[in-house]
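Just below is one structure, and these are the notes that go with it.
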Amino acid sequence: MRIGLLLRELHHGENALAHHLLVVSERHRTDHEVYHLARDLAGWSHRHIRALAETAPAYGVRLDPVGRGEISPVARMRERASALAGRHGQAELLMLRDLRKVCTEATGVAADWEMLAQAAQALEDQDLLRLAARCRPDTLRQVHWAQAMLKEASPQILLA
């Protein structure tokens, strides 16, 4: 069985998604909606990471229950310095690129949750099925948030 491989991939994907959401939050901290919602959504991924780490040993896999943390102080200073240095017009384009990346990463993670749910169903593994049923909807909401933000921001930024 390759369930362990999929659990590792999900763990990696959730970590990458959480980290990127925190980067987006920090990079666009002046947009309060993006700042706060991206941090909340990163928290969802951190919960998924813990749940995956709790489940993984039953499939012969050890995963770290602690997701990638906050942005380093050096990275924060670099972001602030570049904002002050006049990346003003490009900051808006960077927002679109960041949201697109969140959307892409979250879509991939949602597909992995779907594969896990299908495998759990085939195995009649109720624990694994409950895990996927609990986490996949959160990931889909992350996708929808990023898509909604792109839909709202794209015309304003690209047609300015």
Side-chain angles (χ1 to χ4, degrees), residues 1-29 31-80 82 94-153:
M1 272 197 303
R2 296 186 177 115
I3 298 297
L5 292 173
L6 182 53
L7 292 173
R8 278 188 198 284
E9 183 62 27
L10 262 166
H11 187 265
H12 175 76
E14 288 283 7
N15 257 308
L17 179 56
H19 179 73
H20 193 72
L21 283 162
L22 291 172
V23 167
V24 168
S25 172
E26 190 62 36
R27 191 176 283 161
H28 305 288
R29 70 180 311 127
D31 184 322
H32 295 294
E33 181 181 1
V34 170
Y35 177 78
H36 292 290
L37 281 170
R39 294 183 86 70
D40 289 346
L41 296 176
W44 293 2
S45 284
H46 283 131
R47 280 197 313 271
H48 299 170
I49 290 163
R50 283 189 298 278
L52 285 162
E54 291 169 6
T55 301
Y59 300 91
V61 177
R62 292 186 63 201
L63 300 173
D64 188 354
V66 179
R68 288 176 70 180
E70 293 290 327
I71 311 307
S72 73
V74 172
R76 261 193 211 120
M77 286 175 39
R78 197 175 326 122
E79 288 297 330
R80 287 188 190 131
S82 58
L94 182 60
M95 167 87 84
L96 291 180
R97 190 183 81 199
D98 285 341
L99 291 169
R100 181 184 180 280
K101 185 172 181 180
V102 168
C103 186
T104 302
E105 287 177 346
T107 300
V109 172
D112 290 343
W113 281 118
E114 181 61 32
M115 287 188 286
L116 186 67
Q118 293 303 313
Q121 214 168 19
L123 291 170
E124 297 180 3
D125 185 329
Q126 295 305 309
D127 292 335
L128 213 50
L129 192 54
R130 276 191 292 276
L131 175 66
R134 187 172 69 240
C135 296
R136 186 168 185 269
D138 290 344
T139 305
L140 290 173
R141 283 192 288 274
Q142 290 168 320
V143 171
H144 294 304
W145 173 77
Q147 288 175 333
M149 293 300 295
L150 280 168
K151 185 176 180 179
E152 178 183 317

Does some side-chain heavy atom of His12 sit less than 4.5 Å from a side-chain heavy atom of Arg8? no

For Ile49 and Val66, which heavy atoms make the closest approach, and how far apart are they? CG2-C, 4.3 Å

For Arg100, does its backbone N or O pair with a side-chain atom of Thr104 as donor and acceptor, under 3.5 Å? yes

Just so I know, are the side chains of Glu33 and Met149 near enough to count as touching, which here means a heavy-atom distance under 4.5 Å? yes

Looking at Arg136 and Ala110, would you say the former's side chain and the latter's main chain have a donor-acceptor pair under 3.5 Å? yes

Could you please spell out the steps behind the side chain to side chain contact (heavy atoms under 4.5 Å, CB included) verdict for Leu131 and Leu52? CA-CA 8 Å; Leu131 175 66; Leu52 285 162; 4.0 Å; yes

Side chains of Leu17 and His48: does their closest heavy-atom pair fall under 4.5 Å? no

May I ask you to test the Leu94-Arg97 pair for a side-chain heavy-atom distance under 4.5 Å? yes

Within the distance-only criterion (no hydrogens, no angle test), does the side chain of His11 pair as donor or acceptor with the backbone N or O of Ala53 below 3.5 angstrom? no

Criterion side-chain hydrogen bond (donor to acceptor under 3.5 Å, both in side chains) on Glu14 and Trp113, from CA distance to verdict: CA-CA 10 Å; Glu14 288 283 7; Trp113 281 118; 2.8 Å; yes

Go through the steps for Asp98 and Val23 under the test side chain to side chain contact (heavy atoms under 4.5 Å, CB included), then give the verdict. CA-CA 9 Å; Asp98 285 341; Val23 167; 5.6 Å; no

Is any side-chain heavy atom of Leu7 closer than 4.5 Å to one of Leu116? yes

Using the test side-chain hydrogen bond (donor to acceptor under 3.5 Å, both in side chains), find all partners of His20 that sit at least two apart in sequence or belong to another chain. none

What pairs with Ala153 under side-chain contact (heavy atoms from CB on, under 4.5 Å), at least two apart in sequence or on another chain? Leu96, Ile157

